[in-house]
Each structure stands twice: as C-alpha cells, then as structure tokens.
Number of protein chains: 2
Amino acid sequence: MDPTVFDQKIAYFKQNMPPQCPILYSLKIIGSKWKIPILWHLMLEDGQHYNQLKRTVGNITNTMLTKSLRELEHDGLVRRHSYETVPPAVTYHLTDLGKSLVLTMGELFDWGKALEEQHGVPTTPTSNREES
Amino acid sequence: MDPTVFDQKIAYFKQNMPPQCPILYSLKIIGSKWKIPILWHLMLEDGQHYNQLKRTVGNITNTMLTKSLRELEHDGLVRRHSYETVPPAVTYHLTDLGKSLVLTMGELFDWGKALEEQHGVPTTPTSNREES
DNA sequence: CGGAATCCTCAACGATACTG
DNA sequence: CAGTATCGTTGAGGATTCCG
C-alpha cells in the first residue's frame, strides 16, 4: 500500500466528486441480487435465450430474471433481441457499456479473490446451494 | 470497446474462477447500505470518532453505524482504536486492506461518473436527502 | 418459449429509549 | 462519548399460477 498513490487517488476523488457519489450510483445499477450473476453468465456466453439464461444462472425465479433483465436493459447494459418466430425466441446480449462494466469489475474480481484466499467466509454469508 | 481486450479478460476470468464468484464475495463485504459511505468518509478523513463519523456520513442510525463498523472491522477493512480515557474516546481508521479497496473502487467511480453524466437517475432510485 | 400477475415471507433497516 | 437493546416497518426477493 503506497501512501503516495493512495493520497493522489483521494485528491482525484475529491476534485471530481459530484453531489451523489458515483460508486453508489454504480452499485445502484448492479447491486441487486442477480445483476452480477446475469452479466457474468452473459459474459461467459453471449446471446443466451431467456430459459437458457435461467438455467445457467441457476435458482433464479422468472420474476427476478425478468425484472433484472428489464432494469439492465433500461440502464443500457444489456440488449434484448426478439425473433419474430413461432414459438417466440429471444436472446440477450451485453452492450458495449455492459462489457465495459465487466472489465471494470475486474479489479473487484482480483480483490475479492485475493481476500477469499486469506480469510474464509465474509461477515454476512448467503446460502450458496449448488446442485450436483 | 476493444473486442480483444474483452476476450482476453474473459479468458482470465474463466481460468481463475473459483466455485464462488469473487465479485459476489467482494459485494457481500461492501454491499450493505452504509459500507461504502463509511469507507468513503474515512478515506476523506481518517481516524474519525464514532459520533464524528455519524455526522459526516449523515442520517445513519447508531444501530447501523455500529453494526457496519463491526463488520468492516471483522473483514479487516477498518481498525478500531480505543483510548482508555474518561469519557471514552474511539477512533476508526482504514487498514491497508481498506485503502486497497478504495483504490479498487476507483474504476467503479469513473464508470459511474461517466454514466451519470449521460443517463439520469438509475432504475432503482434511493431517497437522497441532504440537510442544508 | 418467454414471460406477466399475484400473493407472501423475511431480513435489512429504521426509530426510540436506555447505559457504562 | 460510544455505544446496546428492543421493537416496528418495508421492500426486495421467493413461490405459485396463468397466458399469448
């Protein structure tokens, strides 16, 4: 932890600080329970169908998947593509903004990974069921 | 959005992916309502007292401030320093781990800032009261 | 297949009062 | 000053059913 680097970054934060903290703004967009998992699995395989996404994300209900996708679409992270066929087919794709967020989360990925290897479970554990 | 950079990062994620996604791990640590504001104000001024922190964070209850600080302490982001005086005095400090997280959030800061300047309010707005 | 509608539960969070 | 204890509230999320 280089003190100089830290202080420089703080100075940058202070100078560029709008009324509402941008970090909170970002977290409002991606903070709800299923946003990251959805973006994550779209990153691993783009253009997934609704039910396909439901399977890969795992344990998510229709309600939450639809709601999350609508919000992600509204915030411009995901694009919905509908094929006019019978039966209907819909695919979901990361937008450039969505991809840029995934890259942004890269540092948080590394930070969490390093920490997880040191500590064990964080303070507020969540049930983490996986089927075999 | 450079496709090559994106694909390289995905490959890195896939290769280094533990069972539980590290991003979710990070968000579990900092995701609750007051964690970021607390870390933020400790970054702006380190070593704040309990009530001082309560004032600068703003509108936080004793319950939540104490709970959040305990969790941050448990997760190693904050260090509590107690002076054995009468009346008692306590100061809170960012640890190196806490500072590293603040730096990590830098990208999310920039991402949110850029987005906020384009869009307006995100999908799930939160009341954002400030006293004059 | 890809959802929408409805109802319900619970845990995070808030409010208030009290204390070493 | 720096909290703890208790209780009340609310909204995110889950479960279930139904639809074009």
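In the text below, chain A, chain B and the rest are named by the order of the sequence lines, each starting its count at 1.
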**OP:** Figure out the CD1/P separation between B/Ile60 and C/dA15, and round it to whole Å.
**Re:** 12 Å
Subject >> Nucleotide C/dT9, atom P - distance to NZ of A/Lys33 in whole Å >> reply: 17 Å
Original post:
Can you say whether the rings of B/Phe13 and A/Phe109 are parallel (under 30°), tilted (30 to 60°) or perpendicular (over 60°)?
Top reply: tilted
Original post:
What is the per-nucleotide protein-contact pattern of nucleotides 15-20 of chain D, from the 5' end, where B denotes a base atom under 4.0 Å from a protein heavy atom, S denotes such proximity for sugar-phosphate atoms only, and - denotes neither?
Top reply: BB---B
Original post:
Looking at CE of A/Met43 and NZ of A/Lys99, how far apart are the two atoms once the value is rounded to the nearest 0.5 Å?
Top reply: 12.0 Å
**OP:** Specify the separation, in whole Å, of atom NE2 of A/His81 and atom C1' of C/dC1.
**Re:** 16 Å
Original post:
C/dC13 P sits how many Å from B/Arg70 CZ, rounded?
Top reply: 17 Å
Subject >> Closest to side chain of B/Ala89, choosing from D/dA2, C/dC13, D/dG14 >> reply: D/dA2
Subject >> Most 5' of A/Trp34 and B/Asn51 on DNA chain D, judged by nearest nucleotide >> reply: B/Asn51
**OP:** Could you tell me whether a side-chain N or O of A/Asp2 sits under 3.5 Å from a main-chain N or O of A/Thr4, the two making a donor and an acceptor?
**Re:** yes
Original post:
Looking only at side chains, do B/Thr56 and B/Gln48 share a donor and an acceptor under 3.5 Å apart?
Top reply: yes
Subject >> Separation of C/dA4 C1' from A/Tyr50 OH (nearest whole Å) >> reply: 9 Å
Subject >> Presence of A/His49 side-chain N/O under 4.0 Å of C/dG2 phosphate oxygens OP1/OP2 >> reply: yes
Subject >> Residue A/Arg80, side-chain heavy atoms: nucleotide from C/dC1, C/dG3, C/dC13 that is nearest >> reply: C/dG3
Original post:
Taking only side-chain nitrogens and oxygens of A/Tyr92, does any of them come within less than 4.0 Å of OP1 or OP2 of C/dG3?
Top reply: yes
Subject >> Short side-chain to backbone donor-acceptor contact, B/Tyr50 and B/Asn62, under 3.5 Å >> reply: yes
Subject >> B/Met64 CE - D/dG3 C1' separation (whole Å) >> reply: 15 Å
**OP:** Could you work out which one of D/dG13, C/dA4, C/dC1 sits closest to the side chain of A/Pro87?
**Re:** C/dC1
Original post:
Run the side-chain contact (heavy atoms from CB on, under 4.5 Å) check on A/Leu115 and B/Ile29 step by step: do they pass?
Top reply: CA-CA 10 Å; A/Leu115 190 57; B/Ile29 291 178; 3.3 Å; yes
Original post:
Reckon B/Tyr83 touches a base, only the sugar-phosphate, or nothing at all at heavy-atom distances under 4.0 Å?
Top reply: nothing
Subject >> Flag side-chain contact, heavy atom, 4.5 Å: B/Thr91 against B/Asp46 >> reply: no
Original post:
Is any side-chain N or O of B/Lys67 closer than 4.0 Å to OP1 or OP2 of C/dA12?
Top reply: no
Subject >> B/Gln48 CD - D/dC1 C1' separation (whole Å) >> reply: 15 Å
Subject >> B/Leu65 CG - D/dT4 C1' separation (whole Å) >> reply: 13 Å
